[in-house]
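There's a structure below that I have some questions on.
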Amino acid sequence: MSYKYFPHTDSDVSQMLAAAGAKSLDELYCDVPEQLRFRGDYALPSTMSEIEVREMFRTLASMNTPLVCFAGNGCYDHYAPSIVARLAQRSEFLTSYTPYQAEISQGTLHYIFEYQSMMATLTGMDISNASMYDGATATAEAAMMAIAATKKATRVLVSETVDAKTRRVVDTYAHYHGIDICTIKATDGITDRESVERELAQGGVAGVVVQQPNCYGIVEDFSGLSESCHSAKALLIMNSVAADLAILKTPREWGADIAVGEAQSLGLPMMFGGPGLGYMCTTEKLMRKMPGRIVGMTQDNRGQRAFVLTLQAREQHIRRQKATSNICSNQSLMALYATIYLATMGRQGLREAAEQSYQKAHDLCDSLIATRHFRLTYEQPFFNEFCLTFDGNVDDLLLECESYGYMAGVKVDDDKLMIAVTEKRTAEEMADFIEIINRYMEDKE
């Protein structure tokens, strides 16, 4: 055996080649063009001691440049108490895999049950599943769920104000399920309600997907939308950043049938963009159409409280043609982060963080507009994220701010910048940010 830590011995490889009808690995891969095959040595270090390995990773980490983050666009720099990461490392919890054996998985099942309870409370819905991969796939799964629930309908309406990344995932799901996705255009940064009404009137609509706050950070008024959807026998699907629901109207209050979104804002670090955590909550009427799993509470033979998996509507548990999804790993490690965060922050802590984010975002927006180099792209109410039109070069501005240690936002167009503010941003950081921009524009003039 050439590599003692590899699982395949020479004998194993020979048996597999024989089964594949090949005499050698070269013959097995003969269809791969030579110019695409790597013939050199891998750039892997030689053996190291533990202290050398630690030093190597320390050196790699030092190459990262931490920036003060005013970027959002789906991933936000929120504060998380230190207890969150610490408790998530406990051996009772530390796994992302499904706790099939309930008798030895009570810790995992317990926190998933608490996660479901908290998410149902946060969204105002009846039922939460045991989490999804991320907000984008949760939204796509909700669209598929609407098709399954309405049966004969084949169309799903998706507002243009839903994050473009999420819409691409929904389009991908729909393409392979033979579902028609109709994009509802935006007017002045919000969903064009007249377009929604026209599409609903044509019939065949299974669901309508909207986002709150939307991709421009705008808090839309969805009054009457659920009634319009239900009159047309369609479901209303609302995507929201989880932390924002601490002070915003819940999806249930808007009349939504399915609440989905990204829960990275609930204690998960940004981690270079992932992993995230998708949540999905719905009404009791629709819970059997919901993908993933639900953890339930029961009693054991001694009358003690116990937790079990229930309503597992996927291929592995029921007939394939009856399954609602092929969601596998339930992303429960990320759900654990959210559970500990929610339990630690409590209602008051969540609300305070959201209120600070809101107030600081509006303060910064006013200060940026006062420089006379920015204007609000849309004169609409926003929460903690807003879209500005800049009278200079956005790319150059981003590079200039980065040189001073600031991530100024996310470019969404040649002259447009999305800026997000969380409770972590201080008055000093915002003042420095404004000063950097003023100096940059003075130099340009």
Taking C-beta and beyond as the side chain, do Arg347 and Thr121 meet within less than 4.5 Å on heavy atoms?
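Result yes, sub-4.5 Å side-chain heavy-atom pair found.
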
Would you say the ring centers of His362 and Phe382 fall short of 6.0 Å from each other?
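Yes, the ring centres sit under 6.0 Å apart.
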
So which of Gln359, Lys360, His78 actually passes side-chain hydrogen bond (donor to acceptor under 3.5 Å, both in side chains) with Glu423?
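Output: one option passes, namely His78.
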
Can you tell me if Ser332 and Tyr111 form a side-chain donor-acceptor pair at under 3.5 Å?
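Their side chains do contain a donor-acceptor pair, which is all the 3.5 Å distance test asks for.
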
Can you pull out every side chain to side chain donor-acceptor pair (under 3.5 Å) where at least one residue sits in residues 229-241? Sequence neighbours excluded, please.
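Only Thr139-Asn239, His230-Asp257 qualify under side chain to side chain donor-acceptor pair (under 3.5 Å).
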
Could you report the tightest heavy-atom contact between Leu245 and Pro251, atom names first, then the distance?
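Of all heavy-atom pairs spanning Leu245 and Pro251, the closest is CD2-CD, 3.9 Å.
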
Pairing residues for Ser159 by the side-chain hydrogen bond (donor to acceptor under 3.5 Å, both in side chains) criterion, not counting sequence neighbours:
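For Ser159, the residues satisfying side-chain hydrogen bond (donor to acceptor under 3.5 Å, both in side chains) (neighbours in sequence not counted) are Thr161, Thr191.
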
Which residues pass the salt bridge (Lys or Arg N to Asp or Glu O under 4.0 Å) test with Asp188, sequence neighbours left out?
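Asp188 satisfies salt bridge (Lys or Arg N to Asp or Glu O under 4.0 Å) with no other residue.
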
Testing the basics here: between Thr150 and Ala206, what is the closest heavy-atom pair and its distance to 0.1 Å?
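Taking Thr150 first and Ala206 second, the nearest heavy atoms are OG1-CB, 3.1 Å.
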
Can you name the nearest heavy-atom pair linking Met125 to Ala256, along with the distance?
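For Met125 versus Ala256, the nearest heavy atoms are CE-O, 3.3 Å.
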
Can you confirm if the NZ or CZ of Arg425 lies within 45° of the ring axis of Phe433 and under 6.0 Å from the centre of its six-membered ring?
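No, Arg425 does not lie over the aromatic ring of Phe433.
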
Should Asp391 and Arg375 count as an ion pair when the cut-off is N to O under 4.0 Å?
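The answer is no: the pair does not qualify as a salt bridge.
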
Contact summary for Met270 and Cys75, nearest pair of heavy atoms:
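Scanning both residues, the minimum pair turns out to be CE-O, 3.6 Å.
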
Would you mind reporting whether Trp254 and Val210 have side-chain heavy atoms less than 4.5 Å apart?
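Result no, sub-4.5 Å side-chain heavy-atom pair not found.
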
Mind checking salt bridge (Lys or Arg N to Asp or Glu O under 4.0 Å) for Glu197 and listing every partner two or more places apart, or none if nothing turns up?
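With neighbours one apart ignored, the set is empty.
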
Report yes if some heavy atom in the side chain of Glu262 is under 4.5 Å from a heavy atom in the side chain of Leu277; otherwise report no.
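SC-SC contact between Glu262 and Leu277 confirmed.
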
Is a side-chain donor-acceptor pair under 3.5 Å present for Gln380 with Tyr216?
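Their side chains do not contain a donor-acceptor pair, so the 3.5 Å distance test is not met.
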
For Arg305, give me all partners under side-chain hydrogen bond (donor to acceptor under 3.5 Å, both in side chains), at least two apart in sequence or on another chain.
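side-chain hydrogen bond (donor to acceptor under 3.5 Å, both in side chains) list for Arg305, sorted by chain: empty.
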
Using a strict cut-off of less than 4.0 Å between a Lys/Arg side-chain nitrogen and an Asp/Glu carboxylate oxygen, indicate whether Glu55 and Arg58 qualify as a salt bridge.
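Looking at Glu55 and Arg58, the cut-off is met.
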
For the residue pair Val295 and Tyr115, establish whether any side-chain heavy-atom pair is separated by less than 4.5 Å.
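No - every pair of side-chain heavy atoms lies 4.5 Å or more apart.
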
For the student: nearest non-hydrogen atoms of Cys69 and Asp77, plus distance:
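Closest heavy-atom pair between Cys69 and Asp77: CB-OD2, 4.0 Å.
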
Would you call Thr137 and Tyr173 a side-chain contact if the rule is heavy atoms closer than 4.5 Å?
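Result yes, sub-4.5 Å side-chain heavy-atom pair found.
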
Which residues pass the ring-ring contact (aromatic ring centres under 6.0 Å, His included) test with Phe57, not counting sequence neighbours?
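Residues passing ring-ring contact (aromatic ring centres under 6.0 Å, His included) with Phe57: none at all.
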
Hey, does Met119 have a side-chain heavy atom less than 4.5 Å from the side chain of Leu266?
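Yes. Closest side-chain heavy atoms under 4.5 Å.
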
Restricting to non-hydrogen atoms, name the atom on Pro291 and the atom on Met132 that form the minimum distance, rounded to 0.1 Å.
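Of all heavy-atom pairs spanning Pro291 and Met132, the closest is CG-CE, 3.7 Å.
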
Would you call the rings of Phe307 and Phe113 parallel, tilted or perpendicular, where under 30° means parallel and over 60° means perpendicular?
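Correct class here is tilted.
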
